[in-house]
J.: 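First, the structure itself, so that you have it in front of you.
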Amino acid sequence: MLRPTSRWTRVRASAGTSTVDAPEATAWIVLGGAGGATGEHVEAVELAADGSEIARTRLGAHALSSWVRDREGAAAPRWVWNDTPGWYAGLLADGVRVGRCHDLRLAHAILRDAVSVREAPSLRAAHEWDGAPAEPTAFDAAATLFSLEGDRSGFATGPPDGMDAALQEFERQRIAVARSDDPARLRLLIAAESAGALLAVEMRAAGLPWDAVAHDRLLTDQLGPRPVAGAVPRRMQEVAAEVRSALGDPAASLDSQPKLLRSLHRIGIPAESTSKWALAEYEHPVIAPLLEYRRLSRLYTANGWAWLDEWVHEGRFRPVYVPGGVVTGRWASSGGGALQLPRQLRSAVRADPGWKLVVADVAQLEPRVLAAMASDGALATAARGRDLYVGIVESGVVATRAEAKIALLGAMYGATTGDSARLLPRLRSAYPRAMALVDEAARVGDDGGVVSTWLGRSSPPPSASWHDVQAKASDVGSSRGDEDRARRWARDRGRFTRNFVVQGTAAEWALAWLADLRGRLAAMPLASEGDAAIRSGRVFARRPHLALFLHDEVIVHVPEPAAPAVADAVREAADAAAALLFGAFPIDFPLDVRIADTADKS
DNA sequence: TACTATCGCGCG
DNA sequence: AAAGCGCGCGATAGTA
């Protein structure tokens, strides 16, 4: 079955070792296309830890999976490839899981902009690596799922796929990291980012267990029976009739913001916007049914039957996750709105029979991260072992939990008005180090500078138009309008960089948590035969697996007997992530962990 | 007809 | 209560 189509060479250990013919240990295996655009062949180059080439293998694409399985088992290398989805989806479909990788595209994006990388120009010159991720083909269980031999037209965009390009870029990156100001942190960041890339593919393959019947029941309860194509659900029609009656206009349009605004003005509601918090200002019989119409309309259009048909198949919701898709390093998603899982639909997330969900989220992740980054002992003390906002209240800084929350969020987001801004001085005196950190990040951004996260991901520099606006305001003949605009843009950017350092470092903590947890789950024993409802990827049929990641929350789908052990693993992984990022600094990350049949929030 | 921009909502 | 960060998505309006 496995037929490498060319040589297998092994160089002898070169240095003065006494072991005869001992091969150097394989640290990395670089995979790249070798057959031109057809993708019929793949090359694998094994590298030692010092980057020297150990072996080169040419494979038919059909033979890749079993070869990778063998080498994974023998050498546990870090797989190096241009783009994780393009390689790993096919491997997983063949039941091959790998432990570690180095995603060249994601690493390129980090290193290219990182201020700690002095040799970034050589990376910036390699524009071909700047592209978007390759789009995975649409999931279709009946088709040749994730097949490398299948239609690759879905991969039209994406980074270079040849072996030479991969080797050159990998070399550039290794040099850039080694000569950077902080190689250890960058290596950690790239490893975490790459682990996330593996996990994103794994979670898509495994899917989030979804009870379509429960979802349909929820829709029917609220909207009425599923309407025929093009019709409006019954309950929406009824509520719309109430709204139109209150508007005194049987033909009023409720879906067009400008028309609705004019209708409201006609009946004496001088709202400037039709958003629900603007409408809540007014007391009028039209408001309640209008807000109800909006709620139902949102449910119907965003997560109604059409969504269910498109995104849920064979009991699994399979969104496309986009690791590194947000400038701060957070994940984005593409399709299905995976990162907006509406609260009211959480009850449709349901474990398979004989399985459980372990649902875990971190309380107040960002302020905890801020405390650690700033080495703010007072804030860390307020956070220790309890609700951080309660800790702030108990320290006597503010009077209520709500105030503590608003004040701290305002500090991290750059609030300038309202309760939040009013409370800021109290925070500044109680937590000077934490506040100084975010204030300094804002000042740098306001000035046009670049800020970086704890592990060294840097914010993008200001755009050319941003500089233009600033330059224009300092011209001799600048107008008041020019100056106002420049100040506004500068403050906007200051708020962005203020938040960047915190949100970005929180994303790094979350990646470290995920990566550690992924390793723990992989090391757990398989469930016994026969107790699994096999619905998807064979790799996950009998094993606890991550099913959702949502910035500061994970859902693990787990055979019931293993649930308590997995709950422990989730907590241990959080402790490990804290130690990995912040060493001995005394900050903890308490989790809310539940073992349940659904993902409902209490 | 196809596109982009804006609003509004909901997620962290 | 609706200021201050980051997203994705659907509907509508406006433009090419």
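No hydrogens, no waters, no symmetry mates; every other heavy atom, side chains included, goes into these values. Note that the structure is a prediction, hence the values are computed from the model and not measured. Lettering follows sequence order; numbering is per chain, from 1.
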J.: Of the listed nucleotides (C/dA11, B/dG12, B/dC9), which one gets closest to any side-chain atom of A/Lys276?
T.: B/dC9
J.: So, OP1 or OP2 of B/dC9: does either fall under 4.0 Å of a side-chain N or O from A/Arg298?
T.: no
J.: Classify the ring geometry between A/Trp454 and A/Phe582 as parallel (under 30°), tilted (30 to 60°) or perpendicular (over 60°).
T.: tilted
J.: Fit a plane to each ring of A/Trp307 and A/Trp210, take the angle between them on a 0 to 90° scale, and name the class: parallel (under 30°), tilted (30 to 60°) or perpendicular (over 60°).
T.: tilted
J.: Parallel, tilted or perpendicular: which describes the rings of A/Trp305 and A/Tyr300, with under 30° parallel and over 60° perpendicular?
T.: perpendicular
J.: Please give, in whole Å, the distance from C/dC7 P to A/Tyr321 OH?
T.: 19 Å
J.: Hey, does A/Arg330 reach any base, or is it just sugar-phosphate, or nothing, if we go heavy atoms under 4.0 Å?
T.: base
J.: Roughly how many Å is it from OH in A/Tyr300 to C1' in C/dA11, rounded to a whole number?
T.: 13 Å
J.: If you look at every strand shown and take non-hydrogen atoms under 4.0 Å, does A/Val327 touch a base, only sugar-phosphate, or nothing?
T.: sugar-phosphate
J.: Write down the distance between CG (A/Leu550) and C1' (B/dC11), rounded to a whole number of angstrom.
T.: 7 Å
J.: Heavy atoms only, 4.0 Å cut-off, all strands: where does A/Ser273 land among base, sugar-phosphate and nothing?
T.: sugar-phosphate
J.: Mind checking A/Arg294 for me? I need base, sugar-phosphate or nothing, with any heavy atom below 4.0 Å counting as a touch.
T.: sugar-phosphate
J.: Which of the following nucleotides, B/dC11, C/dA11, C/dC5, is nearest to the side chain of A/Phe496?
T.: C/dC5
J.: Rounding to a whole Å, what distance do you find between A/Leu296:CG and B/dG10:C1'?
T.: 15 Å
J.: Which protein N or O atoms sit under 3.5 Å from an N or O of nucleotides 13-16 of chain C?
T.:
from	atom 1	to	atom 2	distance (Å)
C/dA13	OP1	A/Ser256	OG	2.5

J.: 5'-most contact on DNA chain C: A/Gly336 or A/Glu281, nearest heavy atom basis?
T.: A/Glu281
